[in-house]
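Please read the structure below before turning to the comments.
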Number of protein chains: 2
Amino acid sequence: MKTNLKTDILKKLYFERELSCNEMSAFFKKSIPVISKAVNELIADGLVAEGGLAPSSGGRRPVMYSIKPDEMYILTVAMDQLSTRIGIVDMQNNYVSEIKMIELHLLNNNDSASQLATIINNYIDNSGIERARILAAGIGMPGFINVNEGVNYTHLPTEGISLVDFLQKHTGLTIYIDNDSSLIALSELRFGIAKAKKNVMVINLGWGIGLGMIVDGTLFRGHNGFAGEFSHIPLSEDGGLCTCGKQGCLEAEASMLVVAEKAIAGIKNGRVSSLQQSLNDKESKLAGDALMDAANKGDQYAIELLTEAGFKIGKALAILIHIMNPESIVLSGRGARVGKILSAPIQQALIKYSIPRLAVNTELLISELGFDGELIGAAVLVMENLNMKSKIIQAAVA
Amino acid sequence: MKTNLKTDILKKLYFERELSCNEMSAFFKKSIPVISKAVNELIADGLVAEGGLAPSSGGRRPVMYSIKPDEMYILTVAMDQLSTRIGIVDMQNNYVSEIKMIELHLLNNNDSASQLATIINNYIDNSGIERARILAAGIGMPGFINVNEGVNYTHLPTEGISLVDFLQKHTGLTIYIDNDSSLIALSELRFGIAKAKKNVMVINLGWGIGLGMIVDGTLFRGHNGFAGEFSHIPLSEDGGLCTCGKQGCLEAEASMLVVAEKAIAGIKNGRVSSLQQSLNDKESKLAGDALMDAANKGDQYAIELLTEAGFKIGKALAILIHIMNPESIVLSGRGARVGKILSAPIQQALIKYSIPRLAVNTELLISELGFDGELIGAAVLVMENLNMKSKIIQAAVA
DNA sequence: AAGACTTTTTTAAAAAATTTAAAAAGTATT
DNA sequence: AATACTTTTTAAATTTTTTAAAAAAGTCTT
């Protein structure tokens, strides 16, 4: 049996939870005997289990198959510049160990890679999960990442060795890394509001403004893996200075971080808002969360600031629509929870800055995964890369 | 024999001119016996011929195969808003009939579709080529085009029937239409400087500024076929009014048409230039060509105007690089012949407006096909769509 | 409640594709 | 010129996949 098909079936079962032979036959465009044989082998291998019977619309009810949840696990890690979340999921995407959030600063931290390795090792040791049963670790992180070479050019420096090799050496796990926005897009594609869509732009609203692109039903990474560097497109000629050194970048105009900074400055200048207490003395990143809370509770000033940011995001999205003609744009990431507030000014900007015939063909959606997206996406990354190289699969299938 | 493989081989032979069985085996990932059988059938069908022997690096020399040039032909049509070029090519991409250029205005012309049908019919009748030997017609045209439905939403109106159906009815030919910029990209991908590249943005410098996108080695059209609508991205807040009704569009700032208009205005205001004579009383579209000629001959004013436009194009390309991370950007279309002059300010703008790590990974190339691109692309369009539905193929293969 | 109809699954036979091995054709080196 | 080495072609054997038919399981209508 071509083991390739067997791993493909495992992947599909992970994404769809359970399927009948008939459904798999239709999806893989292979005959039922071929699918049936592969599934029976997977059952013999101990990786797949027969489930119940699904309802039928008038005919024999199909036997459903799914992956055995507790044979293998995935370690998922979602990092931002300040903190790292970590969890373990089973093969049916349930967390089998409490998600932990640990402070880990990436900026100017030469030791960050080894700190990350320690975090991973400690977490596994305390989880009660056998290390040998962990299929691989998926890690989402900010920065310019070359997925094939396993390198992050921006953060987590490792001397003379790739980040992936470094982490593999220090944890003994198979490691996959990717950009945070790419993983959020993957999570929306496989388990979120973009499920099964072909052509979707997923916006990661956070401390920057990221973009994960779904093109022809798969994640598009560009020539070097840097596609979707949306944060730093030139948006205005005279805008504020950006961390990247340039002026007028989208990020410097409309990211949640900048909005929070504006809020702090505004309040210092005497602006009346419920934020006066909550923002006092807080760092601007914490302030960002406080601001979004306040906006959702109806605070006028917070809404005003988000509206302003939304309009600028909308202008950038107009450009994106003109270039990509996507079927959907999804507002995701930690900013998704103010998605409703942002929607109105975004739509306004789309009307102003784009050709109607184009804009009407793209729907604006708000993620239901939100802040969990990156963690889910890290698990998806592992399963997308599933192949016969993995030791656990090899051992089971052999 | 799966006829699918046979048409795939025909396509590949058209794009590559000649190939050995071994090369095809490697490309299609099929065994040599399978390929060999298909090729021999194609020879028996009268569509393919054995060529000479290719050189070898120490072993038996391979027999090369190619399509018989004169069994089938492709009608190619390249339209712009003012004029239409038409030609017929054989299966080895040689013109077998002189290319003709005919005035045909698309703007506010309700009769344009039927005029086009007449142009096509007359041209074939005068060409000496049997109509039954024409595989299909490929037509490139400006406008918003839905390739699948065969509709042009902008130009060539046809009441109650799609443009493709209309033309098929009035010419008896199989018709394929596509956006001019898409076809230019196809020509660069198959026969031009982007040959065999995976990830290329082809800029169609003309009366507008079009974009044809090569993503993962194929033409990317977006959800509705409108991807690459580069002309109307919002570039500056206070720019000139665009034909689309908006303000500050790239097209309104940097297209060859706008540059020509600026030149005419400048000269009226007494600006000294060799253009003074050539631009007198000319329409601005003719002026565009005159201006490019003058620039290539060293006229300072023309170069100055192109430099200004180039910088703005460069700013837009910076955005494109940030989003797509392409391996190459190709300057193509009628403006390609001033590509060298535009390159410098484009590079300057890229340095100013993009993140170095991104920009260094994209090379800026100048098309060698230039103005012929759209005609070649129209032929490529036909061959990309080659399938068993075509009567000629059916007759030969049956 | 019985029979007709659907849908899924299994089985066996047929068809297709690929691999393998060997022969043929041609180069290059000694 | 002979031998060793490469590549292509041919033919046979093996493997894989598809097809078709029948069996199994169940739903729905009368």
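Side chains included, hydrogens not; waters and symmetry mates left out as well; all remaining heavy atoms used. First the proteins, then the strands, lettered A, B, ... as listed; each starts at 1.
A:Q168 places no side-chain N or O within 3.5 Å of a backbone atom of A:T174 that could act as its donor or acceptor partner. Judged by distance alone, the side chain of B:Q92 and the main-chain N or O of B:I67 form a donor-acceptor pair under 3.5 Å.
Annotation: cation-pi pair B:R133/B:Y73 absent, no NZ/CZ under 6.0 Å from the ring centroid and within 45° of its normal.
Atoms CZ (A:R61) and C1' (D:dA25) sit 10 Å apart, rounded to a whole Å. Atom CG of A:N22 is separated from atom C1' of D:dG26 by 15 Å (rounded to the nearest Å). Rounded to whole Å, the distance from CE on B:M64 to P on D:dT7 is 15 Å. Protein atom NZ of B:K37 is 13 Å distant from nucleotide atom P of D:dA11, rounded to whole Å. Remark: P of C:dA17 and CD1 of B:I35 are 11 Å apart, rounded to the nearest angstrom.
Ion pairing between a basic and an acidic side chain is recognised when a charged N comes within 4.0 Å of a carboxylate O; A:E16 and A:K11 show no such pairing. A salt bridge between B:K6 and B:E41 is present, with a side-chain N of the basic residue lying under 4.0 Å from a carboxylate O of the acidic one.
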Taking N or O atoms only and anything under 3.5 Å, show me the protein contacts with nucleotides 18-23 of chain D, one pair per line.
from	atom 1	to	atom 2	distance (Å)
D:dT18	OP2	A:S31	N	3.1
D:dT18	OP2	A:S31	OG	3.4

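Under the ring-ring contact (aromatic ring centres under 6.0 Å, His included) criterion, A:Y14 pairs with A:F191, sequence neighbours left out.
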